[in-house]
Peer 1: 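My questions will all concern the structure given below.
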2 protein chains.
Amino acid sequence: MLEPAQFFKCLADETRLYATLLIHQQDELCVCELMEALDDSQPKISRHLAQLRSCGVLSDTRRGQWVFYSMAKTLPEWALEILRTTQDANLDRLKIFQEKLTAMKNRPQCC
Amino acid sequence: MLEPAQFFKCLADETRLYATLLIHQQDELCVCELMEALDDSQPKISRHLAQLRSCGVLSDTRRGQWVFYSMAKTLPEWALEILRTTQDANLDRLKIFQEKLTAMKNRPQCC
DNA sequence: GCTATATATATTGATATTCGAATATCCGCA
DNA sequence: TGCGGATATTCGAATATCAATATATATAGC
């Protein structure tokens, strides 16, 4: 069971927060897409994603050479509601990340 | 301006989270009431309240020997919405804290 | 098997967080 | 002015977190 304080801890870091919001918005993203959108190093992104997965916020699935992250199916409704609220309050910042995503070359195709 | 990641950091600790939710629910509470409700030491409560105040989540006002904490007027609407959502998802736990509050002897009167 | 790409993990050092204990401050009242 | 209750702050130790670097694993294509 996801404790609210632990969930907030997951969102208390900018990298984890915006990775989560982007994944929530885009349904699923792989590590290299998040590297591009958030302009961060691969180990940094990967480590934070692993943390989000182990807390039950995200789940991952490998397709070919890519590992795609999406929201965990077990995430309770209140947590999703908090993500929606945070998203709505930060549309400006999210738009910048989205633009970097769409401008990305060689984006892995969802197969 | 309150950054969402910083707000979540404030709520990432059980003491700070439930102190905030209780204050949000009860309008205002003093340190000794929170000590009773959360069953924690005075320095611990006081330290976390100071942190919440310096982040712009709470504000304090002294009345006589007591210092009452309430939600900061500057707290943005999205933050309040997140508190409401968290509250609704944790009514059971909150009820226990409230009962300790109402059972408290020598509770300072709001003057 | 070899190589390139994508991702994960381990290690290290710096920094942050948390707590309890002790102490300080502030207020009301005698 | 002095005392007691309420609250705040400081200090040190234990622990957690973080970023950067290096290394390991997995997969695809040849």
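Order of the sequence lines fixes the chain letters, A, B, ..., with proteins taken first and strands second; residue numbering starts at 1 for each chain. Because the structure is a prediction, the values reported are computed rather than measured. Just the heavy atoms: all of them, side chains too, but no hydrogens, waters or symmetry mates, feed the values below.
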Peer 1: Which part of the nucleic acid, if any, lies within reach of A:Glu14 when heavy atoms closer than 4.0 Å are counted: base, sugar-phosphate only, or nothing?
Peer 2: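 Nothing, no heavy atom under 4.0 Å.
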Peer 1: What is the distance from CG of B:Asp13 to C1' of D:dA16, rounded to the nearest Å?
Peer 2: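 Result: 13 Å.
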Peer 1: Side-chain N or O of B:Lys9 less than 4.0 angstrom from OP1 or OP2 on C:dT17?
Peer 2: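 Yes, B:Lys9 has a side-chain N/O under 4.0 Å of OP1/OP2 on C:dT17.
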Peer 1: Report yes if at least one side-chain N or O of B:Arg63 is closer than 4.0 Å to OP1 or OP2 of D:dA6; otherwise report no.
Peer 2: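 Answer no for this pair, as no side-chain N or O of B:Arg63 is under 4.0 Å from OP1 or OP2.
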Peer 1: Can you list everything that forms a salt bridge (charged side-chain N to carboxylate O under 4.0 Å, His left out) with B:Asp40? Sequence neighbours excluded, please.
Peer 2: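 Here the qualifying residues are B:Lys44.
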Peer 1: How many whole angstroms separate atom CG of B:Leu38 from atom P of C:dT18?
Peer 2: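 Computing the B:Leu38:CG to C:dT18:P distance gives 15 Å.
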Peer 1: Can you tell me if A:Gln98 and A:Gln25 form a side-chain donor-acceptor pair at under 3.5 Å?
Peer 2: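 Side chains of A:Gln98 and A:Gln25: pair found under 3.5 Å.
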Peer 1: Quickly work out the A:Asp40 CG to D:dA20 C1' distance and round it to whole Å.
Peer 2: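 After rounding, the gap between these two atoms is 12 Å.
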Peer 1: How long is the line joining CG of B:Leu58 and P of D:dT7, in whole Å?
Peer 2: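 Taking CG of B:Leu58 and P of D:dT7, I get 15 Å after rounding.
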Peer 1: Within this structure, what is the CG-to-P distance between A:Asn106 and D:dA28, rounded to whole angstrom?
Peer 2: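 That distance rounds to 18 Å.
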Peer 1: In whole angstrom, what separates A:Phe8's CZ from D:dT17's P?
Peer 2: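 Going from A:Phe8 (CZ) to D:dT17 (P), I get 17 Å.
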Peer 1: Counting C-beta onward and ignoring hydrogens, is there a side-chain heavy-atom pair between A:Leu94 and A:Leu22 closer than 4.5 Å?
Peer 2: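 Of all side-chain heavy-atom pairs linking A:Leu22 with A:Leu94, at least one is under 4.5 Å.
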Peer 1: I'd like to know if the side chain of B:Arg107 reaches the main chain of B:Cys32, judged simply by a donor and an acceptor atom lying under 3.5 Å from each other, with no hydrogens or angles considered.
Peer 2: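 Side chain of B:Arg107 to backbone of B:Cys32, a donor-acceptor pair under 3.5 Å: no, none is there.
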Peer 1: What nitrogen or oxygen pairs link the protein and nucleotides 7-10 of chain C at under 3.5 Å?
Peer 2:
unit_1: C:dT7; atom_1: OP1; unit_2: A:Val67; atom_2: N; d: 3.4
unit_1: C:dT7; atom_1: OP2; unit_2: A:Cys32; atom_2: N; d: 2.9
unit_1: C:dA8; atom_1: OP1; unit_2: A:Tyr69; atom_2: OH; d: 2.6
unit_1: C:dA8; atom_1: OP2; unit_2: A:Ser46; atom_2: OG; d: 2.9
unit_1: C:dA8; atom_1: N7; unit_2: A:Gln42; atom_2: NE2; d: 2.7
unit_1: C:dA8; atom_1: N6; unit_2: A:Gln42; atom_2: OE1; d: 3.2

Peer 1: Determine, step by step, whether B:Gln42 and B:Arg47 satisfy the side chain to side chain contact (heavy atoms under 4.5 Å, CB included) criterion, reporting the C-alpha distance in whole Å, the side-chain angles of both residues, the deciding distance to 0.1 Å, and the verdict.
Peer 2: CA-CA 8 Å; B:Gln42 181 270 323; B:Arg47 216 167 343 106; over 6 Å; no
Peer 1: Give a yes/no on whether any side-chain N or O of B:His48 is located under 4.0 angstrom from OP1 or OP2 of C:dC19.
Peer 2: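 Yes, within the criterion.
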Peer 1: Specify the separation, in whole Å, of atom CD of B:Gln51 and atom C1' of C:dT17.
Peer 2: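 These atoms are roughly 8 Å apart.
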Peer 1: List, one per line, each side-chain donor-acceptor pair under 3.5 Å for residues 70-84 of chain A, sequence neighbours excluded.
Peer 2:
unit_1: A:Glu77; atom_1: OE2; unit_2: A:Arg84; atom_2: NH2; d: 2.8

Peer 1: Look at the side chain of B:Arg16 and the backbone N and O of B:Lys9, then say whether any donor-acceptor pair between them is shorter than 3.5 Å.
Peer 2: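 Checked: pair present.
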